[in-house]
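Take a look at the structure set out below.
The sequence lines fix the lettering, A, B, ..., with proteins before strands; numbering per chain opens at 1. We use all heavy atoms of the structure for the numbers below, so side chains are in, but hydrogens, waters and symmetry mates are not.
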Amino acid sequence: MNSGLPLRDMSNSTPETRRFDPGEIEPRWQDAWDEADVFHVDDDAEDPSYVLAMFPYPSGEMHMGHVRNYAITDAFARYRRMQGDAVLHPMGWDSFGLPAENAANRRDIDPREFTMDCIANMRSQMELMGLGLDWDREVTTCEPEYFRWNQWFFKQFYEEDIVERQTAELNWCPDCETVLADENVDPHPDHEGTCWRCDTPIEHREMDQWFFTTTDYAGELYDTLDEMDGWPENVREMQRNWIGKQEGASVSFEMTTGDSVDIFTTRLDTIYGATFFALAPGHDVAGEIAAEHSEVAEYIDRAESSDDLPETSGVFTGEYAENPATGEQIPVYVADYVLEDIGTGALYAVPAHDERDHAFAQAHDIEIRQVVEPTAAAEHDPEDIDTEAAAYTDDGVLVDSGEYDGLASATARERFVEAFDGEFRTAHSLRDWCISRQRYWGTPIPFVECPDCGYVPVPEADLPVELPEFVQTTGNPLDAAEEWKHVACPDCGGDAVRETDTMDTFVDSSWYFLRYVSPGLADAPFDSERASEWLPVDQYVGGIEHATMHLIYSRFFTKVLDDMDLLTGVREPFENLLTQGMVRKNGEAMSSSTGNVVSPRPFVDSYGADTGRLFMLDAAQPEKDFDWTDEGAQSAHDFLQNVYGLAVAYAEGEVNTGDGGAIDEYVAREIDGAAATATEEFEQFRFNHALQEVRDLVSLLRRYADHTEPRAETFERGLETVTKLLAPVAPHTAEEVWHELGNSSLVATAEWPPTDTPAGYDTARLLVENTREDVRDIVDVAGIEEPRTIEIAVAPDWKHYARQRARELDGNVVGQLMGDERLQAHGEAAADYAKSLAGAGHLDEQLPPEREREALARASWLLEREFDAETTVYGPDEAPENLVSEATPGRPGIRIEE
RNA sequence: GCGAGGGUAGCCAAGCCAGGAAACGGCGGCGGACUCAAGAUCCGCUCCCGUAGGGGUCCAUGCGUUCAAAUCGCAUCCCUCGCACCA
């Protein structure tokens, strides 16, 4: 026993020499990484692991959500780097946007200046965290070098007909004085919704705006989701909901007005039950009719100005539409429940089989005609269906549908398309992306409006169109920049004005991950060849709040760029996606307004960056929310000091070393086992599980040194393995420990430990754990006060043999086993054992006898230590008979004496 | 309403895809070692009954498949999130 220097007192006996000062070591190692250029990835790197955190909006201060995001990507990036991969882990700034403009207005400064200060501040905080980022690839979207490519893309998209000018009713925030995308309107129960920034109720306005035609890609954006296994199901589902998909058919109705009106339906099977026709108030034909019928015009006015018409409101137009199925003339209504932007804004109504149609029919006293009834297999009895009382909306069998009676709904839908001259259509609810913003702090849209030539793109040679000096105004600032605004038309040279809208900042973030590939490139947005090789991003990490907008727009951009041959064969930008959970405090989201917050900088000042990183990754799996607690942070800090203390004690010769004895092999195997398990866990982003292995290994090394004089080579390998496994998570501490252990290189670039699990590791571990538990049970149940000796005996060879045979046998196991001469020799005992094997059901694989003995012998020190009793392990042929008789493979015989 | 994800011991939480040992961890609680003491560290216990490793009951509920179910299937109840006047 090594009683000379009890390690257990070490951490505190002389704290001043045992503890490290994060404030001292962290900057030192950050400098060392910089000097060695550890995080730079060369342009000629072959398909590096691309690990990407969603780039932040530079608000000026990092919050714990950022820290968590980057702690995750950094740990993964560092892990991959140690495995020998080239790793691209870049960072940039999503630096255009309204907050900077608002702040500039408030403080009477320039948004650019404000933004650049914020960036500098946030960058210094990231450096403080010791994030391993390739700053050579830093990208800042508000720099002309970046946003000129937004303009370039815009022009390219324009030529490819992906940019359109559309008149649309847009969401208008009267407070921000800007158009909002649907995505930026928060739903509200009482009205149309509120502005996502200022919560002001929004209004609607008709405006001409620039759009990207995302709808062209709706089908692919939707369908590919099924194959995107690397994305969490909830995000995929949110995108499915967002994009929407309705498979149906369109059919045309001839109207008494002379118009032919297209409808879209998913229930073409119910067409025989159509008893009226309805148009949205905004439908063109409704407008035409209104021109002649004042009642209709009045209704449309009311519908468009007020949001609270009753659901069944509507007005008969006096016109009729011909049902192509029946030839019948059905009355045409204009009804508010028909929405202009869903389907075609016109529908035939089947009150018997649609709830809204039913309600409308009842209110307007229109016939309800049932044409579908439940099949025999359905839950409802056809007798119980009363379509006068309620619509029956399930599929079923057609009735009252002329020659088609008896057809199943699904079949009818297919047949009717042909029969009534319709066409199959898949509709998506995704809309084109309005990118116009009436703000200053964004990318100017590179167009000029000429009174003679219309909208004319700014020639490529004149890009970038830079922003004029900031103007404070309540309206659109660029519109007020008189000098900047007036230019000569690029086509005719006449007087013209620039487009004064800027682009939605989601344009910036739709391709920034491509710019990282070649950030300084002056003649193209990115190096196409390299980007095609480096993309998709291997691992993308960010918040769930970007599930729809950013993550759909980026997918859209990637597809467009691939179609334009700027990329080759890259249809999706992000192979694997991880949405990290929230950092909470006291069960609630951290919020600086309520003071319920922990700020990174002061935390790092007192505990160090590593403590924060370790705590965050240790507290929960990345996708889950977790509560920040002071205890947790303290415990993470203690652990780091603990590891450091152990390493220093060893390095300074305070751990007496020797040959370790039988224990040594046990420890050696545990080191290998820990490395193997931790690696699997890192691979799956389960840092907390990997860290558990590290904690266990540290604890084992302490017990090893406490119990005996450890073998130097093993002990040192154990410490090095701990250090390496810890390095991705607590990189500064790991460097310091690595250095203390006598290494002159950096652990950041060290080779990851070997990850082969020792042979029979899991089985042996289970055997040892079970045996230890059995001993505890016996001591406990038998009331043994102070065990003096513990004897353990491996089952005899013949039992192992019998068990092995039994695993291969079917049928009469006992009979077949006892037919074996080798077992017959053991008579009654063999027969009993054969019976128990036969009754056992499944038989696990067990170690062969000699291996079992070795495993128990290696671990016997644990029993010795726990019970302070002399422990003997007998091999299969060495043990006393009475001990062996109870032993079975995987379950050694045990005898304990006081 | 549609869809997705869930319901595991006092609490948090793994395991479930690839069925096989009352079910990893952590917190809290209890006991012990070390200490003058505290802290730190270490060793146990923490569903019920058991003076030699045994028995019973168990993973929301109920059925079912199987030699064997927390794990697979069906049904029911509850929670969380997303979408929703989608024709």
Side-chain angles (χ1 to χ4, degrees), chain A residues 6-13 15 187 232-246 248-250 263-268 270 274 278 280 311-312 335-339 341-350 353-357 359-360 393 427-429 544 547-548 618-621 623-624 626-627 629 631-632 635 638 641-642 645-646 677 686 688-689 691-693 695-696 698-699 702-703 706-707 766 769-784 838-844 862 865-868 886-887 890-897:
Chain A
L7 276 170
R8 60 170 66 100
D9 287 337
M10 186 182 67
S11 63
N12 214 28
S13 56
E233 185 54 38
N234 63 334
V235 174
R236 289 194 274 169
E237 189 59 24
M238 282 163 83
Q239 294 210 347
R240 282 190 199 102
N241 284 332
W242 192 261
I243 299 165
K245 181 177 186 177
Q246 299 86 36
S250 64
I263 60 91
F264 173 78
T265 179
T266 56
R267 290 299 304 273
L268 193 55
T270 63
E311 270 195 26
T312 55
D336 193 42
Y337 84 91
V338 182
L339 303 180
D341 51 10
I342 290 178
T344 60
L347 54 82
Y348 66 79
V350 186
H353 304 294
D354 180 277
E355 280 161 20
R356 291 147 308 177
D357 296 349
F360 191 90
T393 57
H428 293 275
S429 13
I544 186 75
T548 45
D618 200 18
Q621 306 208 0
E623 51 283 322
K624 306 219 162 157
F626 82 96
D627 231 49
T629 61
E631 295 76 22
S635 139
D638 291 343
Q641 295 290 1
N642 181 348
L646 181 62
T677 309
R686 305 206 300 198
N688 53 340
H689 291 181
L691 288 163
Q692 187 55 46
E693 291 295 320
R695 283 179 191 271
D696 289 349
V698 171
S699 158
R702 278 190 178 278
R703 280 177 283 155
D706 187 42
H707 190 72
L766 195 61
E769 279 316 305
N770 285 344
T771 306
R772 290 177 70 191
E773 257 171 56
D774 281 347
V775 171
R776 280 171 208 140
D777 268 359
I778 294 168
V779 167
D780 192 38
V781 174
I784 299 170
H842 174 82
L843 295 170
D844 280 331
L862 292 165
R865 197 174 138 78
E866 185 174 337
F867 295 98
D868 198 19
E886 287 169 40
R891 201 83 201 275
I894 298 169
R895 187 168 59 207
I896 301 166
E897 276 167 19

Length of the line joining A:Glu355:CD and B:rA87:P, which is rounded to integer Å: 12 Å

Inter-nucleotide C1' distance (B:rC12, B:rA21), Å rounded: 26 Å

A:Leu347/A:Asp357 under side-chain contact (heavy atoms from CB on, under 4.5 Å): CA gap, chis, key distance, verdict: CA-CA 10 Å; A:Leu347 54 82; A:Asp357 296 349; 4.2 Å; yes

Distance in angstrom units between A:Phe867 CZ and B:rG32 P, rounded: 16 Å

Polar side chain donor-acceptor pair, A:Arg695 to A:Ser699, under 3.5 angstrom: no

Spacing of OG1 belonging to A:Thr677 relative to NE2 belonging to A:His689, to within rounding of 0.5 Å: 11.5 Å

With sequence neighbours excluded, residues passing salt bridge (charged side-chain N to carboxylate O under 4.0 Å, His left out) with A:Arg772: A:Glu769, A:Glu866

Rounded distance in Å - CG (A:Leu691) to C1' (B:rG25): 12 Å

Length of the line joining A:Asp341:CG and B:rA87:P, which is rounded to integer Å: 13 Å

Sugar-phosphate only, base, or nothing, as touched by A:Leu766 at under 4.0 Å among non-hydrogen atoms: base

Residue mapping more 5' on RNA chain B - nearest nucleotide basis, A:Ala280 or A:Gly890: A:Gly890

Separation of A:Leu766 CG from A:Glu773 CD (nearest 0.5 Å): 9.5 Å

Residue-phosphate contact under 4.0 Å: A:Arg267 side-chain N/O, B:rA87 OP1/OP2: no

Touch class at under 4.0 angstrom, heavy-atom based, for A:Ser429 against every strand present: base

Candidates B:rC85, B:rC42, B:rA13 - which lies nearest the side chain of A:Ser699: B:rC42

Distance between P atoms of B:rU76 and B:rC67 (Å, rounded): 28 Å

Between B:rU61 and B:rA70 - C1' atom distance, rounded Å: 14 Å

Salt bridge (charged side-chain N to carboxylate O under 4.0 Å, His left out) against A:Arg236, all qualifying residues, sequence neighbours excluded: A:Glu233

A:Arg240 side, atom CZ; A:Met238 side, atom CE - distance, nearest 0.5 Å: 12.5 Å

Distance-minimising heavy-atom pair for A:Gln246 and A:Ser429: NE2-OG, 3.7 Å

Heavy-atom pair with the smallest gap, counting every atom of A:Leu339 and A:Ala280: C-CB, 3.9 Å

Set out, line by line, the N/O atom pairs under 3.5 Å between protein and nucleotides 26-29 of chain B.
none

Gap between atom NE2 of A:His353 and atom OG1 of A:Thr270 - 0.5 Å precision: 6.5 Å

Can you name the atoms? Protein N/O to nucleotides 15-18 of chain B N/O, anything below 3.5 Å, with the distance.
from	atom 1	to	atom 2	distance (Å)
B:rG15	OP1	A:Arg686	NH1	2.9

Under the 3.5 Å Watson-Crick or G-U criterion, the dot-bracket string of RNA chain B, with | for inter-strand pairs: ((((((((.[[[..)....(....]]]((((((.......))))))(((....)))...[[[[[..)....]]]]])))))))....

For A:Asn688, side-chain hydrogen bond (donor to acceptor under 3.5 Å, both in side chains) partners two or more places apart: none

Any donor-acceptor N/O pair under 3.5 Å between B:rA21 base and A:Asn770 side chain: yes

Sugar-phosphate, base or nothing in reach of A:Arg703, heavy atoms under 4.0 Å: sugar-phosphate

Spacing of A:Gln246 atom CD relative to B:rA87 atom C1', expressed in whole Å: 9 Å

Length of the line joining A:Met238:CE and B:rU80:P, which is rounded to integer Å: 17 Å

side-chain contact (heavy atoms from CB on, under 4.5 Å) assessment of A:Thr265 paired with A:Val350: CA-CA 11 Å; A:Thr265 179; A:Val350 186; over 6 Å; no

Residue list, ring pair (Phe, Tyr, Trp, His ring centres under 6.0 Å) with A:Tyr348, at least two apart or on another chain: A:Phe253

A:Arg702 CZ to B:rC43 P, straight-line distance once rounded to whole Å: 11 Å

A:Arg865 CZ - B:rA33 P separation (whole Å): 15 Å

Reading 5' to 3' through nucleotides 49-58 of chain B, protein heavy-atom contacts under 4.0 Å coded B for base, S for sugar-phosphate only, - for none: -BSBBS----

Which atom of A:Ala887 lies closest to which atom of A:Gly893, heavy atoms considered: CB-N, 3.2 Å

Euclidean distance for P, B:rA14 against B:rG6 (whole angstrom): 10 Å

Between protein and nucleotides 2-7 of chain B, what N or O pairs are separated by less than 3.5 Å?
from	atom 1	to	atom 2	distance (Å)
B:rG3	O2'	A:Glu237	OE1	3.3
B:rG3	O2'	A:Glu237	OE2	2.1

Touch class at under 4.0 angstrom, heavy-atom based, for A:Arg772 against every strand present: sugar-phosphate

B:rA84 and B:rA9, which share atom name C1', separated by this distance in whole Å: 39 Å

Separation of the C1' atoms in B:rC81 and B:rU71, to the nearest angstrom: 25 Å

Contacts of A:Asp774 that satisfy side-chain hydrogen bond (donor to acceptor under 3.5 Å, both in side chains) - sequence neighbours left out: A:Arg891

4.5 Å side-chain heavy-atom contact, A:Leu862 and A:Arg703: yes

Distance between P atoms of B:rA13 and B:rA60 (Å, rounded): 14 Å

By salt bridge (charged side-chain N to carboxylate O under 4.0 Å, His left out) - contacts of A:Glu311 (at least two apart): none

Pairwise P distance for B:rC45 and B:rC27, with rounding to whole Å: 15 Å

Results of salt bridge (charged side-chain N to carboxylate O under 4.0 Å, His left out) for A:Asp638 - residues two or more places apart only: none

Touch class at under 4.0 angstrom, heavy-atom based, for A:Glu866 against every strand present: sugar-phosphate

